[in-house]
Amino acid sequence: MEARARIERLRDELHAHNHRYYVLAEPVISDREFDSLLHELSVLEQAHPEFNDPTSPTQRVGGDLTDKFEKVAHRSPMLSLSNSYSAEEVAQWAERVQAGLPGEEVEFVVELKYDGVAISIWYEKGRLVRALTRGDGTTGEDVRANVATIKTVPLKLNDGAPDSLEIRGEIFFPWPGFESLNESRREAGEPEFANPRNTAAGTLKLQDSAVVATRPLDCMLYNIDAEAMTALAINSHSDAVQAAAMWGFKTPKGRRLEVVKSVKAIMSAVAYWEEAKNQLDYAIDGLVIKVNRYDQQRRLGMTAKSPRWALAYKFETERVSTTLRGVKFQVGRTGAITPVADLNPVHLGGTIVRNASLHNADQIAKLNLCVGNAVLVEKGGEIIPKIVGVDGGDSSSGDLFSKPISFPDVCPECEAPLIRKDGEAQHYCTNSSKCPAQVRGRIHHFISRKAMNVDGLGKETVNQLVNAGLIQDVADLYTLTLEDLLPLERMAQKSADNLLKGLDASKSIDFERVLFGLGIRHVGETVAKNLAKALGHIEAFKTTTVEDLMALEEIGPTVAESVASHFRDPVFLDLVGRLQMSGLRMEVTLQKPMGNALEGEVVVVSGVFETMSRDEAKAAVTNHGGRLVGSISSKTTLVLAGDKMGPSKLKKAENLGVPLMDEAAFLRRIGGQ
Ligand SMILES: [Zn+2]
């Protein structure tokens with residue numbers, strides 16, 4: 001019993017010292033004293049394994065080996081913010097916000113946009129229980145063992161913290177630690193890491209938490225669910241961050257969390273950080289500006305992709321000069337030819353740049369590039385840097401005998417002739433079905449994370465399978481056997497098993513992602529989702545016409561033409577047929593209704609709502625057994641009426657004697673509140 005009391009006492013003391021040292025930077029004991037307490041605890045814990053506790057300060061050193069990170073659904077999606085690149089855009093956004101809240105005073109918070117990895121950390125009864133990566137935004141991976149080694153992340157919260165808490169923020173690799181890591185890698189003859197962000201992301205995915213513990217990651221936590229905070233009578237973002245600091249988190253302070261009241265003040269904060277960013281000992285790639293008050297955030301609501309009450313401002317891009325060594329012509333899955341510049345490696349915006357996109361033939365002609373030119377490279381909002389011009393303005397810096405780079409006439413992969421369609425900037429390889437680059441590209445797209453997300457199958461393996469003649473299209477993947485795989489180089493029994501397991505698991509991926517994975521031109525993730533929802537079943541695609549498609553919401557002529565022509569192409573139809581035979585999902589899975597509170601009701605949804613978007617309101621109707629209709633008629637039994645419902649609709653409902661129900665009553669009825 002005595003040992004137990006001492007263990008608990010030591011843990012409490014060490015938690016407190018840890019917090020003072022790493023979070024507050026106000027240590028009250030020396031490193032040596034700290035180490036000696038930690039040592040004492042560790043000896044006692046080893047002697048008394050029965051008092052083992054994963055939140056003990058000794059657990060910071062790691063040691064847990066994770067074979068596979070558990071996938072866990074986020075409690076609410078981890079959304080990204082909309083981006084802006086100029087002061088003007090920021091001002092326009094702030095004015096839109098102001099216009100959305102007429103007559104109200106609006107406070108904005110200006111924060112740093114840490115260039116790291118988003119993380120969502122869950123606490124239960126004050127103890128760290130999960131740490132989820134962003135993943136696809138809906139589901140993340142639990143990297144708790146690794147996050148627990150980060151000294152600024154509390155394993156246990158201070159008194160007064162809510163019983164159950166989720167907090168989000170960013171894990172990043174500060175420059176000094178990153179540089180010393182690279183130094184030790186240089187010494188060990190290992191390749192250096194190119195940028196702190198990717199290294200932080202890679203570190204979080206390491207299976208050995210003891211290695212993670214040797215890398216000085218840092219973590220800033222600042223986002224807490226508004227609803228949870230409102231329940232605690234905390235009514236603004238800045239108040240929540242202050243509360244989080246009390247509970248033990250490392251949170252932004254001072255100018256790193258500045259509350260301002262005017263567009264002008266936002267702009268002066270932006271101007272300040274444009275300069276001051278270089279003095280920080282970690283990388284930021286911009287600022288985040290939010291509406292501070294939760295009630296105002298709620299009223300502004302969301303667009304399809306991101307909240308209206310927040311905006312990311314990206315700093316202007318840096319430019320550097322380097323030498324153009326040559327140009328490679330890459331062939332994409334659609335046959336599009338992309339020229340890629342091969343550059344002398346150069347540091348740019350925290351990464352080492354070796355390649356840059358040249359987009360198309362016009363771009364090359366416009367830049368009038370020669371091999372050997374000194375070129376200006378910059379990194380915009382996109383990941384791949386681009387060449388913006390020849391340094392000095394002309395190409396005289398090229399080799400004396402080098403000619404301007406010219407665009408090829410034939411496909412560099414299969415030598416089929418290239419064509420350029422009217423009105424398009426891109427050249428295409430005409431050998432769609434056989435060009436090896438296109439074949440590989442289509443399969444890479446199909447297995448990618450946003451499409452089928454096949455575990456155990458990467459691009460390299462796909463290339464190997466294509467080269468070995470085992471697969472020619474995505475349907476061939478599902479005919480692979482262990483006997484096919486084992487003779488391949490570097491293919492162990494275990495990897496082969498995993499690959500087949502991954503393929504099998506992909507058969508339960510939703511229809512919309514199968515549709516996206518098919519790689520129909522102009523059908524991106526969102527369009528695939530809309531089409532899947534509207535048509536429901538693959539058979540409906542086979543009979544649909546361009547006109548039918550264009551009648552759908554958000555489907556334009558380009559998409560409609562592309563979809564219709566694919567489903568008339570016998571090669572494509574054959575592929576779809578074989579995928580169907582393999583058991584992939586070819587129809588939308590209907591969600592089970594959550595209740596029957598609206599059974600028998602024929603409902604019209606109109607106006608705007610405070611706690612939900614109109615789409616969410618419609619979904620709520622069907623989820624609770626109601627039938628949705630578009631307009632009010634004598635058959636309508638109920639109108640769910642939000643604010644700003646049109647007067648003609650109101651009148652119609654009144655004339656037909658259809659009862660109106662407001663949002664609050666609706667939520668009560670479906671049992672929401
Ligand atoms: Zn080709």
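Whatever order the structure lists them in is the order used to number ligands and atoms, beginning at 1.
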Problem set entry | Ion pair check, Asp455 and Lys68, cut-off under 4.0 Å | yes
For this session: Keeping the roles fixed (side chain from Ser448, backbone from His445), state whether a donor-acceptor pair exists under 3.5 Å.
Result: yes
Problem set entry | Criterion salt bridge (Lys or Arg N to Asp or Glu O under 4.0 Å) on Arg578 and Asp473, from CA distance to verdict | CA-CA 10 Å; Arg578 285 186 293 133; Asp473 60 30; 2.4 Å; yes
For this session: Hey, can you tell me if Tyr282 and Phe172 have their rings parallel, tilted or perpendicular (30° and 60° cut-offs)?
Result: tilted
Exercise. Under 2.8 Å from the Zn ion (ligand 1), which protein N/O/S atoms are there?
Worked result: Cys411 SG, Cys414 SG, Cys429 SG, Cys435 SG
Problem set entry | Mutual orientation of the aromatic rings belonging to Phe567 and Phe572 [parallel < 30°, tilted 30-60°, perpendicular > 60°] | perpendicular
Exercise. Is it true that the side chains of Glu274 and Tyr313 contain a donor and an acceptor less than 3.5 Å apart?
Worked result: yes
